[in-house]
Amino acid sequence: MLDIRFIKDNLEAVRQNIRDRYMDADVDLLISLYDKKNALLRELEESRRCRNENAQAMKSNLSKEERSIRIEEGKRLKETIARLEAELQEVEAAFAEELAKIPNMAHPQAPRGKEDKDNLEVKRVGSPTQFSFPPKDHVELGQSLDILDLDTATKVSGTKFYYLKNEGTILELALVRYALDMLSKHGFTLMTTPDIAKTEILEGIGFNPRGAESNVYTLEGEGTCLIGTAEITLGGYHSDSILEKDQLPIRYAGLSHCFRREAGAAGQFSKGLYRVHQFTKVEMFVYCLPEESEAIHEELRSIEEEIFSSLDIPFRVVETCTGDLGAPAYRKWDLEAWMPGRNNGEWGEITSTSNCTDYQARRLNVRYRDKDGKNRFVHMLNGTAIACSRAIIAILENHQQADGSVRIPKALVPYCGFDLIQPRHV
RNA sequence: GGAGAGAUGACCGAGCGGUCGAAGGUGCACGAUUGGAAGUCGUGUGUACCCCGAAAGGGUACCGAGGGUUCAAAUCCCUCUCUCUCCGCCA
């Protein structure tokens with residue numbers, strides 16, 4: 001969330017930002033709730049002050065009559081306070097709800113636009129793979145290599161689930177280990193995180209677990225959810241704490257499963273492994289000082305580039321437009337890999353890195369102590385190292401050969417223990 | 001899952017209806033003493049929100065969390081969470 005005082009001081013900028021993001025939030029309602037809340041708070045505090053004064057006065061020796069007058073006064077105040085407290089609670093809840101709808105401010109350079117087609121290509125590494133034969137898509141390849149089983153997963157678990165088999169299983173583990181080794185070299189602390197988190201943590205990160213369009217699986221009667229990304233568990237790790245300034249930046253690499261409902265995703269490209277309900281991901285997460293977050297954001301992007309360059313996968317980098325940023329992000333870059341099997345060759349998102357500045361830290365209450373002794377909110381950033389399912393698509397489709405086999409990228413061979421996957425079915 | 005013990009400020013630890021934002025100690029900061037250091041002495045030392053303001057200042061809340069009793073709760077009652085010990089179960 002944003003700081004209400006920042007909003008008050010920058011009303012027009014906040015309104016413009018909401019328009020730029022094509023979001024639905026009512027700043028004027030928010031401000032009127034804030035003013036109402038404060039008026040009630042003042043009234044309540046005044047009543048409490050009277051109550052304390054009254055109680056204080058009763059410590060001394062009083063006559064019977066005086067004492068009973070005081071007690072009556074106390075009873076009256078008690079009722080007033082109870083009434084005001086109930087009213088305040090209501091207004092505060094409404095205020096919090098509106099405040100949560102206000103998105104983070106956007107980086108001045110973020111392209112203004114509504115949808116992903118308005119994203120700005122900023123860089124290309126490699127060029128779309130050329131084939132001397134008609135390339136297959138990863139679903140076909142996965143079946144002929146006998147490393148992927150979608151049909152049985154549909155029977156057992158439903159659509160958008162999958163089994164990895166044989167070399168597919170190894171390939172996923174190899175990707176995980178490869179990413180973890182690389183992040184370890186870059187100074188990240190490795191973690192395997194829970195796959196479940198409390199609703200309040202989800203909300204702090206900026207997810208809305210409830211509501212019809214929610215992408216989150218909630219667990220019945222638990223107040224918990226299946227996580228959609230380890231960003232949640234890594235961002236919640238230091239909630240309600242004050243970090244030492246000299247321990248920043250903190251870099252975590254989190255391995256977790258990710259669960260997404262993907263309800264209403266029918267119209268979007270969803271063949272095979274691209275849009276699934278469960279996948280495995282290694283996520284980068286950084287807590288840092290405000291003044292270093294922009295540089296660290298670049299660092300996260302360059303690590304993502306390093307990973308996919310070293311896997312010999314052609315990709316481009318796009319800067320996400322305002323309408324596609326999502327509420328918590330100040331700035332976001334996506335890496336899109338070339339996917340030869342997708343609509344006869346298309347770019348498809350494989351990673352994403354966001355600088356969320358202090359938007360998440362404010363709600364999760366993650367601070368550090370500054371030189372002047374003041375507690376300030378940290379900046380929080382996240383980025384995908386490897387999302388296994390999509391990385392597997394990119395590897396299979398780009399590294400397929402005329403005989404139907406798939407070459408394992410050199411960097412991954414030591415992790416796989418094989419350099420080629422050969423067809424089992426014809 | 002069952003039985004018991006506990007949760008107080010940066011830390012240790014007292015308090016067990018009104019004199020408690022909270023004794024005492026440790027730590028930390030500043031000052032004095034010293035050639036310097038140790039030591040000693042003195043002073044200060046939480047967070048959040050609201051009001052006012054140039055600054056100073058004032059108010060409210062916070063003693064694991066939530067609810068209750070009372071004119072008044074760290075203190076009494078209820079519920080929950082967490083930690084520790086023992087038992088059970090288990091990968």
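The sequence lines fix the lettering, A, B, ..., with proteins before strands; numbering per chain opens at 1.
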_Could you write out RNA chain B as dot-bracket? Rules: Watson-Crick or G-U wobble, both distances under 3.5 Å, brackets [ ] for crossings, | for pairs with another strand, dot for unpaired._
((((((((.[[[..)..(.....]]](((((((.....)))))))((((((.....)))))).[[[[[..)....]]]]])))))))....
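- Applying the ring pair (Phe, Tyr, Trp, His ring centres under 6.0 Å) test to every pair with at least one member in residues 17-59 of chain A, sequence neighbours left out, gives these pairs: A:Tyr34-A:Phe95.
- A:Ile313 approaches A:Ala394 most closely through the heavy-atom pair CD1-CB, 3.7 Å.
- Looking only at atom types and distance, the side chain of A:Gln56 has no donor-acceptor partner in the side chain of A:Asn52 under 3.5 Å away.
- Applying the ring pair (Phe, Tyr, Trp, His ring centres under 6.0 Å) test to residues at least two apart or on different chains, none of the pairs has a partner in residues 70-90 of chain A.
- Only the P atoms considered, B:U19 is 13 Å distant from B:A23, to the nearest whole Å.
- With hydrogens and angles disregarded, a donor-acceptor distance shorter than 3.5 Å links the side chain of A:Asn104 to the backbone of A:Pro328.
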_Evaluate A:Met380 against A:Glu231 for side chain to side chain contact (heavy atoms under 4.5 Å, CB included), listing each step before the verdict._
CA-CA 10 Å; A:Met380 292 163 68; A:Glu231 175 191 353; over 6 Å; no
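- Remark: the A:Tyr330 side chain and the A:Ser293 side chain contain no N/O donor-acceptor pair separated by less than 3.5 Å.
- A:Ser352 and A:Asp334 share a side-chain donor-acceptor pair at under 3.5 Å.
- For A:Lys332 against A:Leu325, the heavy-atom pair with the smallest separation is NZ-O, 3.2 Å.
- Straight-line distance between the P atoms of B:G13 and B:G25: roughly 16 Å, to the nearest whole Å.
- Nucleotides B:C28 and B:U34 have their P atoms positioned 23 Å apart, rounded to a whole Å.
- Within the nucleic acid shown, A:Arg76 has no heavy atom closer than 4.0 Å to any nucleic acid atom.
- In terms of heavy atoms, A:Ser310 sits closest to A:Met182 at OG-CE, 4.3 Å.
- With the nearest nucleotide of RNA chain B identified for both A:Gly74 and A:Asn375, A:Asn375 has the one nearer the 5' end.
- Sorted by residue number, the list of members of residues 86-96 of chain A with any non-hydrogen atom under 4.0 Å from RNA chain B is empty.
- B:G15 and B:G67: their P atoms are spaced 28 Å apart (whole Å).
- Annotation: B:G6 and B:A10 have their P atoms spaced 24 Å apart (nearest Å).
- We find that CD1 of A:Ile81 is positioned 11 Å from C1' of B:A72, with the value rounded to whole Å.
- Scanning for side chain to side chain contact (heavy atoms under 4.5 Å, CB included) contacts around A:Ala387 gives A:Phe279, A:Lys281, A:Thr384, with sequence neighbours left out.
- For the C1' atom pair drawn from B:U45 and B:C52, the interatomic distance equals 26 Å after rounding to whole Å.
- Summarising the geometry, the separation between CD on A:Glu200 and P on B:G66 is reported as 13 Å, rounded to the nearest angstrom.
- On the P atoms, B:A38 is 15 Å away from B:U33, given to the nearest whole Å.
- B:U83 and B:C41 have their C1' atoms separated by 41 Å, with the value rounded to a whole Å.
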Which pairs, protein N/O on one side and nucleotides 49-54 of chain B N/O on the other, fall under 3.5 Å?
| residue | atom | partner | partner atom | Å |
| --- | --- | --- | --- | --- |
| B:C49 | OP1 | A:Arg5 | NH2 | 3.3 |
| B:C50 | OP1 | A:Tyr34 | OH | 2.5 |

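- A cation-pi arrangement is absent between A:Arg260 and A:Tyr217 under the rule of less than 6.0 angstrom and at most 45 degrees off the ring axis.
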